[in-house]
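The sequence lines fix the lettering, A, B, ..., with proteins before strands; numbering per chain opens at 1.
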Amino acid sequence: MNLKAPRGTRDILPPASEVWDYVETRIKKIYRKRNFLEIRTPIFEETDLFVRGVGDTTDIVEKEMYTFNDKGGRSITLRPEGTAPVVRAYIENKLYGKPQPFKLFYFGPMFRYERPQAGRFRQHYQTGVEVIGGDSPLIDAEVIALGNDILREFSMDNWKLHLNSIGCRECRPVYIEKLKEFFRNETVCRDCSDRIDRNPLRVLDCKSGECAALKNRTPSILDYLCPACSEHFAQVQQLLETLEIPFELDHTLVRGLDYYSRTAFEFKTRELGAQDTIIGGGRYDGLSELLGGPSSPGMGFGLGLDRFILMLENNRLGNLETNPLEVFMVTIGEENVQKEGWRIMARVRKAGFSADMDLLQRSPKNQMKAANRIGARFTVILGEDELKQGVVQLKDMYEGTQSEVRIEELIHALEKKTGEGN
RNA sequence: GUGGGUGUAGCUCAGGUGGUUAGAGCGCAGGAUUGUGGCUCCUGAGGUCGUGGGUUCAAAUCCCAUCACUCACCCCA
């Protein structure tokens, strides 16, 4: 076959898909415990949403979007990130009329046209939260704490929380001027000399030798925050200290999207090679207005599930015990026996056990073989003789023991055996 | 978008300096006398040697291109 999954995409097959399901389910529980509710937004949106929301000078919009015209001539874009769609939905559905702040979570694929590498895909999966309708530092702390909780819940500890404030519409322009001034008098790399005017904050993030060398002399945004932002940021830090969540101030942390304001944070690990951000987020107080909505400050994060699961696997936490098949039905005989076996299996399933049987009309021996390879806990064997007597052989595949039970006693016997095990 | 590495059965890999029917282990399918797994033994299926060109009497092997994977840059989840 010469058809392949497109570059940067992949199939998630069993047993990996079991791990994904497990992770998603467990994260969802954490959200629900904190009274976050799910939102599902379209996988594609009008292109303009991202151009306006994410920012037209960002890398995402400039070169990473999957954009196309649909048959009606509309410009459509596969969503590259989750926040702008959620805020769009918030405005469109007038969620500001509900009790505030509105706390949402989402799961789903995101699309970016990038060169794939470890932990980076063209279709990747994120889960994230957005708290919209409030600018209290309590919200910032709650969101960051939630990220912290998820990592802890999965016993991950090889990461650091990087924290910064990138100010607001009042103070950031002042800082940006200072920054431009500073960089103009220094030598920066080729990419960055272009950036100085268009998006000077990003120079801070540059890892190239000459730019990185400037880091400790570069003016820090934290020295230019207006009183309101400064106070807000101080409170966020205090709250994190109260919650005993360790963090590291990092004034070079600038998120790539334009809509961020004030608090910005990333949970980074050293285990994933160059793609080290596992959770990234921050506050976006102006986004709603940017999209034509009312003033509705918000705060959220995105968590990269591909990277998250990669990290779990690195720590051998990926070998999660998946539930083994409980019963494999083995029939020995003609059609009448198979039919009765089928009925028995249906009853076993109805009683709450997972059950399967041979679907290839194999010999008894090969049915047993199959049961063994699948890892079934029990086999229930039915032959002509058993059928006549109304019994089955119940075999414990782990212990190799086998006993005869009446068909009507089977469920009871299974319950007893599995009860003993646990 | 830029640079490095890789590309032989489902998986992990062998296949010096080009030479005839491309191999192994594992896995998969079946069998080793009456209706029973795991161990052992036997048998079998399965390969456009990533793809397309080129050099050559002859290419998995050399050259070019292309695609994919991978690592890094860039950027982020």
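Residue A:A371 is classed as having no contact, given no heavy-atom separation below 4.0 Å to the nucleic acid. A:F111 comes within 4.0 angstrom of no nucleic acid atom, judged by non-hydrogen atoms across all strands. Nucleic acid contact class of A:E386 (heavy atoms, under 4.0 Å, all strands): base. Contacts of A:R362 with the nucleic acid, taken as non-hydrogen atoms under 4.0 Å apart, involve only primed sugar atoms and P, OP1 or OP2. Within 4.0 Å of A:F121, counting heavy atoms only, lies at least one base atom of the nucleic acid. Within the 4.0 angstrom heavy-atom criterion, base atoms lie near A:G400. In this structure, A:G8 reaches the sugar-phosphate backbone alone: every heavy-atom distance under 4.0 Å involves primed, P, OP1 or OP2 atoms, never a base. Among the heavy atoms of the strands lying under 4.0 Å from A:I279 are primed sugar atoms or P, OP1, OP2 only; no base atom is included.
Under a 4.0 Å N-O distance rule, the pair A:K103/A:E142 qualifies as a salt bridge.
Here A:R122 does not reach the OP1 or OP2 of B:rA77: none of its side-chain N or O atoms lies under 4.0 Å away. Phosphate proximity of B:rU70 to A:Q117: absent, as no side-chain N or O sits under 4.0 Å from OP1 or OP2. For B:rC69, the OP1/OP2 oxygens have no side-chain nitrogen or oxygen of A:R115 closer than 4.0 Å. A close approach under 4.0 Å does not occur between any side-chain nitrogen or oxygen of A:R120 and OP1 or OP2 of B:rU70. Dashed line: the shortest gap from a side-chain N or O of A:K365 to OP1 or OP2 of B:rG35 is not under 4.0 Å. Phosphate proximity of B:rU36 to A:N366: absent, as no side-chain N or O sits under 4.0 Å from OP1 or OP2.
Pairing for B:rA29 is with B:rU43, a Watson-Crick or G-U wobble pair whose two hydrogen-bonding atom distances lie under 3.5 Å. For B:rU48, there is no paired base (Watson-Crick or G-U wobble, both distances below 3.5 Å). Nucleotide B:rA77: unpaired (no Watson-Crick or G-U wobble partner with both distances less than 3.5 Å). Base pairing annotation: B:rC69 forms a Watson-Crick or G-U wobble pair with B:rG5, both donor-acceptor distances under 3.5 Å. Shown here, B:rG23 forms a base pair with B:rC13; the pair counts as Watson-Crick or G-U wobble because both key distances fall under 3.5 Å.
Note: CD (A:Q275) to P (B:rA77) measures 11 Å, nearest angstrom. Taking atom CE of A:M65 as the reference point, atom C1' of B:rC75 lies 15 Å away to the nearest angstrom. Rounded to whole Å, atom P of B:rC71 lies 11 Å from atom CG of A:L272. Taking atom CD of residue A:E266 and atom P of nucleotide B:rC75, one finds them 12 Å apart after rounding to whole Å. B:rC73 atom C1' lies 14 Å from atom CG of A:D276, rounded to whole Å. Rounded to an integer number of Å, the gap from NE2 of A:H124 to P of B:rA77 is 7 Å. The interatomic distance linking A:L253 (CG) with B:rC75 (C1') rounds to 14 Å, in whole Å. Between the CG atom of A:L13 and the C1' atom of B:rG10 there is a distance of 12 Å, given to the nearest Å.
With no hydrogens or angles considered, a side-chain donor-acceptor pair links A:E81 and A:Y259 at under 3.5 Å. In this model, a donor atom of one side chain and an acceptor atom of the other lie less than 3.5 Å apart for A:E266 and A:T277.
Partner of A:H124 under the side chain to side chain donor-acceptor pair (under 3.5 Å) criterion, out of A:R120, A:R122, A:Q126: A:Q126 alone. Between A:R88 and the choices A:E46, A:E45, A:E130, the salt bridge (charged side-chain N to carboxylate O under 4.0 Å, His left out) rule is met once, by A:E45.
B:rU55 and B:rU43: their C1' atoms are spaced 43 Å apart (whole Å). Only the P atoms considered, B:rA60 is 26 Å distant from B:rG44, to the nearest whole Å. Between B:rA9 and B:rG50, the two P atoms lie 8 Å apart (nearest whole Å). Between the P atoms of B:rU48 and B:rG52, the separation comes to 11 Å (whole Å). Across B:rG30 and B:rA45, the matching C1' atoms stand 10 Å from one another, rounded to whole Å. As rounded to the nearest Å, B:rU2 and B:rU66 have P atoms that lie 11 Å from one another. For the P atom pair drawn from B:rC62 and B:rC49, the interatomic distance equals 15 Å after rounding to whole Å. Between B:rU17 and B:rG54, the two P atoms lie 24 Å apart (nearest whole Å).
The listed nucleotides are B:rG35, B:rC73, B:rG37; the one nearest the side chain of A:N372 is B:rG37. Set against B:rC71, B:rC74, B:rA77, the side chain of A:R307 has B:rA77 as its closest nucleotide. Proximity note for A:K395 (side chain, C-beta onward) versus B:rC75, B:rG37, B:rA77: the nearest is B:rG37. Distance from the side chain of A:D306 is smallest for B:rA77 among the nucleotides B:rA77, B:rG38, B:rU36. Each of B:rG31, B:rG1, B:rA29 was ranked by its minimum atom distance to the side chain of A:Y113; first place goes to B:rG1. Nearest nucleotide to the A:I381 side chain, out of B:rA72, B:rA77, B:rG35: B:rG35. Closest contact between the side chain of A:K4 and the listed nucleotides B:rU36, B:rC71, B:rC67 involves B:rC67.
No hydrogens or angles were tested; on distance alone, nothing pairs the side chain of A:Q402 with the base of B:rG37 as donor and acceptor under 3.5 Å. The base of B:rU36 has none of its N or O atoms less than 3.5 Å from a complementary donor or acceptor on the side chain of A:Q393.
In this structure, the ring of A:F308 has its center less than 6.0 angstrom from the ring center of A:F154.
Using bins of under 30°, 30° to 60° and over 60° for the plane-to-plane angle, the ring pair A:F36/A:Y31 lands in the tilted bin.
Residue A:E38 places its CD atom among more than 12 non-hydrogen atoms of other residues, nucleotides or ligands, all under 6.0 Å distant. Residue-environment remark: OH (A:Y113) stays at or below the threshold of 12 foreign heavy atoms within 6.0 Å.
Comparing A:K63 and A:R373 by the nucleotide of RNA chain B that holds the closest heavy atom to each, the one mapping nearer the 5' end is A:R373. Heavy-atom nearest nucleotides on RNA chain B were determined for A:D396 and for A:G119, and the one closer to the 5' end corresponds to A:D396.
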